[in-house]
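Quick one: structure below, then a few questions.
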Amino acid sequence: MTRVLKRSFYERDTVTVARELLGRTLCRRLDSGKILRARIAETEAYDGFEDRASHAHKGVTVRNKVMFGAPGRSYVYLCYGVHWLLNLTTREVGYPAAVLIRGVEGVTGPGRLTKHLQVDKRFNELPLTRVAGLWVEEAEVVPDADEISATPRVGVDYAGERWAAMPWRFVWKASQGLHR
DNA sequence: TGCGCGATTCTC
DNA sequence: AGAATCGCGCAT
């Protein structure tokens, strides 16, 4: 039987969680009852107070407060006034961190992904459970280390040399269907 | 109360 | 290369 990743999975080192989410299945139950499932193929870690690429680096705000809260919740925000971006919170309460889901099998791009799964601000701050309609399931097979590539994060040049260069983007190379 | 800007994507 | 499009964050 499928197993839903629980809070303890997320209440760990953010970079580790970002890497280990690859291959796991992102699930969304629509209002119609239909369930969409897609294996996670691309993630990025945003971790702590010092990470200048993270929304949290200047402290708590209305937008980013979810990052400071409980692990295993969704952090959804509007990017460029156009796209909803989905993050999963990590680490203990009080420590700001989250993993951005950048792509799943068949759907590349954080904005395209939320459109496909019909995720928007209604999901902000919800726990990742079946009841909430958005959750992640354990994988039968997870990628081997040599199937994962780590690169700098996308679109964070504003963060300065050190943080922009941090290899916190993870891509599952073996995943098929990373297409537009 | 106002203003500038993005963890993007699509079209030209 | 440029537009779309708007909530947020910070200054005023």
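Below, chains carry the letters A, B, ... as their sequence lines are ordered, and counting in each starts from 1.
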Here the distance between atom C1' of B/dG6 and atom CZ of A/Arg52, to the nearest Å, is 15 Å
Specify the residues of residues 69-80 of chain A, ordered by number, for which at least one heavy atom lies under 4.0 angstrom from an atom of DNA chain B.
->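 A/Tyr77, A/Cys79, A/Tyr80 - these, ordered by number, are the residues of the stretch whose heavy atoms sit under 4.0 Å from the strand.
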Measure the distance from NZ on A/Lys58 to P on C/dC10 and round it to the nearest whole Å.
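It works out to 5 Å between those atoms.
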Requested in this report: Taking only the side-chain nitrogens and oxygens of A/Arg169, find out if one of them lies under 4.0 Å from OP1 or OP2 of B/dA7.
Outcome: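 Result: no.
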* Could you please name the partner base of C/dT5, counting Watson-Crick and G-U wobble pairs only when both distances are under 3.5 Å? =>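 The answer is none; no pair meets the criterion.
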**Report entry** Any A/Arg63 side-chain N or O less than 4.0 Å from OP1/OP2 of B/dG6
**Finding:** no
P atoms of C/dT5 and B/dG2, separation to the nearest Å: 23 Å
**Asked** Between A/Tyr95 and A/Asp47, is any side-chain donor less than 3.5 angstrom from a side-chain acceptor?
**Response** yes
Proximal nucleotide (of B/dA7, B/dC10, C/dC10) relative to the A/Thr61 side chain: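 Closest nucleotide among those given: C/dC10.
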Between CG of A/Leu86 and P of B/dT9 the distance, given in whole Å, is 13 Å
(message) Any donor-acceptor pair under 3.5 Å linking the side-chain atoms of A/Asp13 with those of A/Thr16?
(response)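 The criterion, which ignores hydrogens and geometry beyond distance, is satisfied for A/Asp13 and A/Thr16.
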Whole-Å distance, A/Leu85 CG to B/dC5 P, equals 20 Å
Looking only at atom types and distance, does a side-chain atom of A/Thr43 sit under 3.5 Å from a main-chain N or O of A/Ala18, one as donor and one as acceptor?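 Confirmed, A/Thr43 side chain pairs with A/Ala18 backbone.
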(message) Expressed as a whole number of angstroms, how long is the span from A/Asp157:CG to B/dC5:P?
(response)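 Going from A/Asp157 (CG) to B/dC5 (P), I get 16 Å.
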Determine whether the aromatic ring of A/Tyr46 stacks with the base of B/dA7, defined as ring centroids separated by less than 5.5 Å and ring planes inclined by less than 30°.
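The ring of A/Tyr46 is stacked on B/dA7.
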I'd like to check A/Tyr75 versus A/Lys65 (side-chain heavy atoms, cut-off strictly below 4.5 Å). Are they in contact?
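Contact flag for A/Tyr75/A/Lys65 side chains = no.
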Atom CH2 of A/Trp168 and atom P of B/dA7 are separated, to the nearest Å, by 16 Å
* Can you check the A/Tyr158 OH to B/dG4 P distance for me, whole Å? ->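 The distance from OH of A/Tyr158 to P of B/dG4 comes to 20 Å, rounded to the nearest Å.
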- Item | Gap between atoms CH2 and P, on A/Trp163 and B/dA7 respectively (whole Å) |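 Spelled out: CH2 on A/Trp163 to P on B/dA7 is 16 Å.
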Answer for the Watson-Crick or wobble partner of B/dT1, both distances under 3.5 Å, is C/dA11
Do the side chains of A/Glu137 and A/Arg24 get close enough for a salt bridge, i.e. N-O under 4.0 angstrom?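 No, A/Glu137 and A/Arg24 are not salt-bridged.
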Donor-acceptor contact below 3.5 Å, side chain A/Arg52 vs main chain A/Val156: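 Not confirmed, A/Arg52 side chain does not pair with A/Val156 backbone.
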Inset, instruction - Test the A/Arg91-A/Phe68 pair against the cation-pi criterion, namely NZ or CZ under 6.0 angstrom from the six-membered ring centroid and within 45° of the ring axis. - result: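 No, A/Arg91 does not sit over the ring of A/Phe68.
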Considering every strand and a 4.0 Å limit on heavy-atom distances, what is the contact class for A/Val62: base, sugar-phosphate, or nothing? sugar-phosphate
